[in-house]
Amino acid sequence: MNCKRVQYQLMLDQAGEQSAWQHRRLARHLAGCAACRAWRAEWQALALAARAAPVPPLTDAVRGRILAAGRRALAERGVAAGGAAARSSRAAPARWRVLEWPLVTHWRPALAAAAVLLLLAGGVRLATQHPAAHSLAWDDGLDQQLEQMNKTIAGLSTDVLDMRLITPDEPSPAVNERPDTDLEAQVI
Amino acid sequence: MGQPEKKWIAAYRRGDVQALGCLVEHYRRPLFGFILRMTDSVADAEDVFQEVWFRAIRHLDSYREKRFLSWLFRIARNLLIDRLRRAKLMVPLSGTDQEATPWEARLASTAPGPDRLTQGHDLAPRIAAALQRLPPAQREVFALRMEGGLPFKEIARLQDTSINTALARMHYAVTKLRQELKKDFEDYTGVRR
């Protein structure tokens, strides 16, 4: 085996990109090649040292700017940023976001319950007060009053009513004269 | 992508900003380590790091790759190339492996010189300093493998090259580092050449 090729394969082997069969083949080569063994030792030392090199922690400013960008992106998508407690109300799809006005969002169940209660209460009230409600309707009331008036009028004698035709020569009695109190008393 | 990352991404999409914080911290070491190797200073690395996250956040809905970290590396790599172009350093990230670091890049480098390399006994900072003198394409393979832990197959895909080229770049990088750090290696491994 070519030593340079072996060294390529040693790098792949270290990265876990060689099969078991290739690994055994490499081991056989290493057993008889001091140069490749030395190369592998240095490669491993290099890898260990490079990974041991400290990476400085992120500053609060950098972290803060990234999180602020995250919040802005969420706001642009119409998702309210916050902790885990607020997640459930933020899972709504875009088409429902118009309903996510804070008052509506947080009070939505209470408002729905109140609306149902109002409807139920109104229905019960109407059902229990049906006769009164019927008499209060303007057309029904008018019919009843007209009917009663007709009955009253029908019970009166023509004398009382004094139903005479008024000729053009006579002055109209109803215009300037005091109305007949008897008739008034019977009608009302 | 592992389960915690999936959960954090999903939680963030639902509005949990703390989940985004967990995601940033989870990938801090490989991503920031890689960017640090590819830039000249911690301040530059921080700029690039936060820009990677700004872009990732903006395009999170379009994220479809298998590995979230590979996606972040891809964004970081594009940003680093843009940065180099803007700075007019003209350092080709996909240049030939044999070429020397352009003189402009050397001028711009803040890596410690040989005198500073002789100070201290820790191998890690010496490797970091020696890496700064490698051509960017080789340095990138080294950083993606060592810091990012990416397999060579993914490194090759990121660099839009063959796996053999990625391996050759790594081999050149290791050979140069061996030459630069010969004495350190002999002390470290106990092997004299």
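Each chain gets a letter, A, B and so on, in the order the sequences are listed, and its residues count up from 1.
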Please report the interatomic distance [atom1]([X]) to [atom2]([Y]), rounded to the nearest 0.5 Å.
X        : Y        : atom1 : atom2 : answer
A:Leu46  : B:Met146 : CG    : CE    : 5.0 Å
B:Leu177 : A:Trp43  : CG    : CH2   : 10.0 Å
B:Leu167 : A:Arg5   : CG    : CZ    : 7.0 Å
A:Glu42  : B:Arg178 : CD    : CZ    : 4.0 Å
A:Gln7   : B:His171 : CD    : NE2   : 3.5 Å
A:Arg51  : B:Arg29  : CZ    : CZ    : 9.5 Å

Determine the minimum heavy-atom distance between [X] and [Y], stating which atoms define it.
X        : Y       : result
B:Glu147 : A:Ala50 : OE2-O, 3.5 Å
A:Pro56  : B:Leu36 : CD-CD2, 3.5 Å
A:Ala73  : B:Ile57 : CB-CG2, 3.4 Å

So which part of [X] gets closer than 4.5 Å to some heavy atom of chain A, the side chain, the backbone, both or neither?
X        : result
B:Tyr12  : both
B:Asp47  : neither
B:Ile163 : side chain

Subject >> Derivation of the side-chain contact (heavy atoms from CB on, under 4.5 Å) call for A:Val55 and B:Arg28 >> reply: CA-CA 9 Å; A:Val55 172; B:Arg28 180 189 65 84; 3.8 Å; yes
Original post:
Taking it one step at a time, do B:Phe49 and A:Ile66 satisfy side-chain contact (heavy atoms from CB on, under 4.5 Å)?
Top reply: CA-CA 9 Å; B:Phe49 183 82; A:Ile66 293 169; 3.9 Å; yes
Subject >> Residue-level interface, residues 12-32 of chain A with chain B, non-hydrogen cut-off under 4.5 Å >> reply: A:Leu12, A:Gln14, A:Ala15, A:Glu17
Subject >> Part of A:Arg63 within contact of chain B (heavy atom distance under 4.5 Å) >> reply: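 The side chain, not the backbone.
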Side chain proximity check, [X] to [Y], heavy atoms < 4.5 angstrom:
X       : Y       : result
B:Trp53 : A:Val62 : no
B:Phe54 : A:Arg65 : yes
B:Leu60 : A:Arg77 : yes

Original post:
Take atom CG in B:Asp61; do more than 12 heavy atoms of anything else shown fall under 6.0 Å from it?
Top reply: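 Enclosed: over 12 neighbouring heavy atoms sit under 6.0 Å from CG of B:Asp61.
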Original post:
Under 6.0 Å from the CG atom of A:Asp60, do we count more than 12 heavy atoms belonging to anything else shown?
Top reply: no
**OP:** Could you check which of B:Arg58, B:Arg145, B:Met170 has the highest count of heavy-atom pairs closer than 4.5 Å to chain A?
**Re:**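 Greatest number of close heavy-atom pairs with chain A: B:Arg145.
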